[in-house]
Amino acid sequence: MRLQIALDMVSMEEALGMAEKIHDIIDIVEIGTPMIIKYGMQPVRCMKESFPQLTVLADTKIADGGEIEARYAIEAGADIVTVLAAAADNTITAAKNVVHKAGKELYVDLLGVPDLIQRSKELEAMGVDYIGVHTAVDVQQSGITPFNDLKKLSETVCNTRIAAAGGITQDTLPLAMFSHPDVIIAGGALTTAPDLRAAVLAFKRRIITDQNRL
Ligand SMILES: O=C([C@H](O)CO)[C@H](O)[C@H](O)COP(=O)(O)O
């Protein structure tokens, strides 16, 4: 299981400074949607140029224009590009073709999809690389978590890697582990920690402990 840090509400300098502290222990660095809205593809490019060995995910959350938007992310150096599951099949396929042609991967975010079981089956048939459940930041305050959706997803797809995001903390992490996700995504729980490196190491220790227990 890999750990992905989401860099959402940080400046370019902060993002690079954070990567400097954890590039050797983190599996995937996500340039979050808020950063992309603010700075465009520049943080993706800077992150990849500064840390070429790092897997960089551009959280573009593409909703339309799959070919051109995925191409922008790939040209900037992204290893993984995200598209919304709610987008049209044509959009997802167009994005997939661009990233696969470049030897990169496509992550599909189930954010806001009402029938995740049906949509996940369709996405798997489309040949995407990752399918992720996601509790939106704006609904996390209502106490909603991604763990029930993750369980359903794990019971639905067999040949596609699965992921979970949305307010995951070190304390709630064990709730995800039963579903054996391939990627756990944590944003605020890591980026607001007083000691980022210690927080990432604690998350990773927790993952290993729980994996050994299950
Ligand atoms: O994708 C995200 C969100 O939609 C804002 O762009 C976050 O990166 C994702 O939710 C992880 O962040 P946390 O919820 O703070 O763990």
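These values consider heavy atoms only, across backbone and side chains, with no hydrogens, waters or symmetry-generated copies. Just so you know, ligand 1 is whichever comes first in the structure, and atom 1 is the first atom listed for that ligand. Just so it is clear, the structure is predicted and the values come from calculations on it, not from any experiment.
Close to ligand 1: G166, with a non-hydrogen atom less than 4.0 angstrom away. G32 does not count as a contact of ligand 1, since none of its heavy atoms falls under 4.0 Å from the ligand. The closest approach between any non-hydrogen atom of G167 and ligand 1 is below 4.0 Å.
When only interatomic distances are considered, the shortest N/O to N/O separation between E30 and ligand 1 falls below 3.5 Å. Between V137 and ligand 1, no pair of N/O atoms sits closer than 3.5 Å.
Looking only at protein heavy atoms, the nearest one to atom 4 (O) of ligand 1 is K61 NZ, 2.9 Å. Among all non-hydrogen protein atoms, the one lying nearest atom 16 (O) of ligand 1 is G187 N, 2.8 Å. For atom 7 (C) of ligand 1, the closest heavy atom belonging to the protein is D8 OD2, 3.2 Å.
Close contacts between ligand 1 and H134 involve ligand atoms 1 (O), 2 (C), 3 (C), 4 (O), 9 (C), 10 (O) [criterion: under 4.0 Å to a heavy atom]. Interface of Q140 with ligand 1, defined as ligand atoms under 4.0 Å from a residue heavy atom, comprises 14 (O). Set against the non-hydrogen atoms of D59, the atoms of ligand 1 under 4.0 Å away are 1 (O). Each of the atoms 13 (P), 15 (O), 16 (O) of ligand 1 lies under 4.0 Å from some heavy atom of G188. Every atom of ligand 1 with a heavy atom of P34 under 4.0 Å away is listed here by number and element: 6 (O).
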Listing, residues 61-71 side-chain donor-acceptor contacts under 3.5 Å, not counting sequence neighbours, or none:
unit_1 : atom_1 : unit_2 : atom_2 : d
K61    : NZ     : T33    : OG1    : 2.8
K61    : NZ     : D59    : OD2    : 2.8

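Salt bridge present: D24 and R197 bring a charged side-chain N and a carboxylate O closer than 4.0 Å.
Under the 3.5 Å distance criterion, the side-chain polar atoms of D27 are left unmatched by any main-chain donor or acceptor of Q4. Although no hydrogens or angles enter the test, the distance criterion places no donor-acceptor pair under 3.5 Å between the side chain of T160 and the main chain of D129. Looking only at distances, a side-chain donor or acceptor of S154 sits under 3.5 Å from a matching main-chain atom of K151. Using modelled atom types, one side-chain atom of R119 and one backbone atom of A85 make a donor-acceptor pair closer than 3.5 Å.
Rounded to the nearest 0.5 Å, atoms CD1 (I26) and CG (L196) are 8.0 Å apart.
Of all non-hydrogen atoms in C158 and E124, the two that sit nearest each other are N-OE2, 3.3 Å.
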Steps toward side-chain contact (heavy atoms from CB on, under 4.5 Å) verdict (S179, L153): CA-CA 9 Å; S179 304; L153 179 64; over 6 Å; no
